[in-house]
Amino acid sequence: MLARHEGGEFLLRIEDTDTERNRPELTTNMLDMLQWLGLKWDGEPTFQSDRGELYKAAAATLASGGHAYYCECTAEQVQARNKESGGKPGYDGFCRDRGLGPGPGRALRFRAPDDGETRFDDLIRGEVVVENRNIEDFVLLRSNGNPTFLLANIVDDADMQITHVLRGEEHLNGTPKYLLLRDALGFDYQPVFAHLPLLVNEQRKKLSKRRDDVSVADYKARGFLPEAMVNYLALLGWGPPDGVEVRPVEEMVPLFRIEDVSPSPALFDIKKLTFVNGEWIRMLAVDDFVQRAREFTDSPALEALAPLAQERVKVLDELPSYFDWVDGPAEDPKSWDKAMKLANAGEILDEITVAYTDAAWNRDELHARFMALAEKLGVSASKVQGPIRVATTGRMVGLPLFEVLEYLGQEETLARLRKARTRLA
RNA sequence: GCCCCCAUCGUCUAGUGGCCUAGGACACCACCCUUUCAAGGUGGCGGCACGGGUUCGAAUCCCGUUGGGGGUGCCA
């Protein structure tokens, strides 16, 4: 798939589409992801099937030039022969000199050199040298006629004059093959290589789609901000020279140099991502926060209490638990037990359930009366708020109590307190 | 098996021969602040994998060992 940067400054080619099955939805997902992350692009995606003739021409050049040959071995046959000769994987060159022509069931293989070495410079890893005899005869054209990734890769790169080949370390081994193909095809083409470190899981294995959480859509659904995601991703394998880690991409771009990227694998640490996300949430303008928070809660109290929630939440999907008291105290037996088992829980509720009319029902007044009550009962303020909090919101933890009570209003608050008192008795 | 890559606190990193008694961030712990929880503040815990060289001097350079990862597909 191809995507051109907005300013036309560079051409980004993303190779993710299966050349054989050619599933467009993969491309669509990727474009959605890029957009969410704020990476601009334009231009229409290009599929490999649109460029088939180019690959076939290259394959023909290779075959007629003696750089490739047809092979009718099946995977099973190769495997069986390898097993017999000592279990070494890789193609054994069985059809190398059989002079087979094209035909059904026959794949085209590259004839790798028997000697010499292939070397290249990598911005991140320095010089990499591989002896050609360690490179086996890999497939160029499948028996169904479709080109493989490697062939499409070099043809596209040379054709588009790709300047920078930046990819994961898993492609490091493929690079000598890529270069061998380039030379066999006679291309005058020399990109700059940079093989980036792999992202690994807790077991230090390469992050895989099958067993790890790698879908950006999932992080989006959980309430991670794209700003935080990009920010955190940039921190893997790299650190800003001034040490300021939480900052917008625009600020990191001028600081970033691909050659400063670390060559060793990095662990994707959800804890730090969460921290960065919390920082970004707190940096949001309140109305922006409210807008984004709306995806996660439909509470009518959101607008009124947004700044208080904004300061507490690290991931947006925590929001519901901060606002589930609006229609009545949340069901949370643990909180109830913890708060109400206090010896003087009943006494606290008795004292606080008295209405007042000599002052406005607001945070400051509630606070003042609450403090007076704590002093009167000779109990710490933090102890006193427990029963009240649970009686009104159902939970032991949550937004600051008096703001919540102010929002609830005197009538509703007192009703909840009395109800709790009855239940307690 | 073979080939390639990698190796600083638990994690992400700074460090490119003396500014290193190895710095920062996350996490963790303690204290402060405080109506809960957060946020904020202060402090703490914690690392150059090992062994040889080179050098007046090595986390930094070289070699080896060990450990980890990747590749070894008619996947990309």
*asked:* Closer than 3.5 angstrom, by distance alone: can the side chain of A:W336 be matched with the main-chain N or O of A:R395 as a donor-acceptor pair?
replied: no
A:N82 side chain to A:G90 backbone, donor-acceptor under 3.5 Å: yes
Pairwise [atom1] distance for [N] and [M], with rounding to whole Å:
N	M	atom1	result
B:G69	B:C32	P	45 Å
B:G15	B:U34	P	41 Å
B:U42	B:C5	P	45 Å
B:G67	B:G24	C1'	27 Å
B:U60	B:A14	C1'	13 Å
B:U13	B:A22	C1'	13 Å
B:C12	B:A7	P	12 Å
B:U54	B:C45	C1'	37 Å

Any base atoms under 4.0 Å from [X], or only sugar-phosphate, or nothing? Heavy atoms, all strands.
X	answer
A:R395	nothing
A:V128	sugar-phosphate
A:R125	sugar-phosphate
A:L198	sugar-phosphate
A:V129	sugar-phosphate
A:L399	base
A:P263	sugar-phosphate
A:H195	nothing
A:S143	base
A:G168	nothing
A:E259	nothing
A:A75	nothing
A:G398	base
A:E136	sugar-phosphate

For atom [atom1] of [X] and atom [atom2] of [N], their distance in whole Å:
X	N	atom1	atom2	value
A:E311	B:C37	CD	P	14 Å
A:M396	B:A38	CE	C1'	15 Å
A:L196	B:C6	CG	C1'	14 Å
A:F138	B:U72	CZ	C1'	13 Å
A:E170	B:G69	CD	P	15 Å
A:E169	B:C4	CD	P	13 Å
A:I388	B:U35	CD1	P	13 Å
A:F275	B:C12	CZ	P	17 Å

Just compare [options] and give me whichever is closest to any side-chain atom of [X].
X	options	value
A:V139	B:G71, B:C12, B:C74	B:C74
A:R282	B:C6, B:G40, B:U35	B:G40
A:R109	B:C74, B:U35, B:C3	B:C74
A:R312	B:C37, B:C74, B:U35	B:C37
A:E245	B:U35, B:U13, B:A25	B:A25
A:K206	B:U35, B:G71, B:C3	B:G71
A:P265	B:C6, B:C4, B:C37	B:C6
A:S264	B:A7, B:U36, B:C37	B:A7
A:P400	B:G69, B:C12, B:U35	B:U35

Any salt bridge linking [X] with [Y]? Criterion: basic side-chain nitrogen under 4.0 Å from a carboxylate oxygen.
X	Y	result
A:E311	A:R282	no
A:R363	A:E403	yes
A:R369	A:E365	yes
A:K334	A:D337	no
A:E169	A:R125	yes
A:K177	A:E136	yes

Paired nucleotide for [N] [Watson-Crick or G-U wobble; both distances under 3.5 Å]:
N	answer
B:C26	B:G10
B:U36	none
B:G73	none
B:U55	none

Is there a side-chain contact between A:R142 and the phosphate of B:C75, meaning an N or O under 4.0 Å from OP1 or OP2? yes
- Message: Less than 4.0 angstrom between a side-chain N/O of A:K271 and OP1 or OP2 of B:C12, yes or no?
- Response: no
For the pair A:R294 and A:E303, evaluate salt bridge (charged side-chain N to carboxylate O under 4.0 Å, His left out) and give the outcome as yes or no after the intermediate values.
CA-CA 10 Å; A:R294 268 288 166 241; A:E303 277 81 0; 2.8 Å; yes
Per nearest nucleotide of RNA chain B, the residue lying toward the 5' end, A:L267 or A:L172, is A:L172
Whichever of A:G174 and A:K314 has the more 5' nearest nucleotide on RNA chain B, that residue is A:K314
Item to complete: Establish, for the pair A:R96 and A:Y69, whether the NZ or CZ atom is under 6.0 angstrom from the six-membered ring centre and no further than 45 degrees off its axis.
Response: no
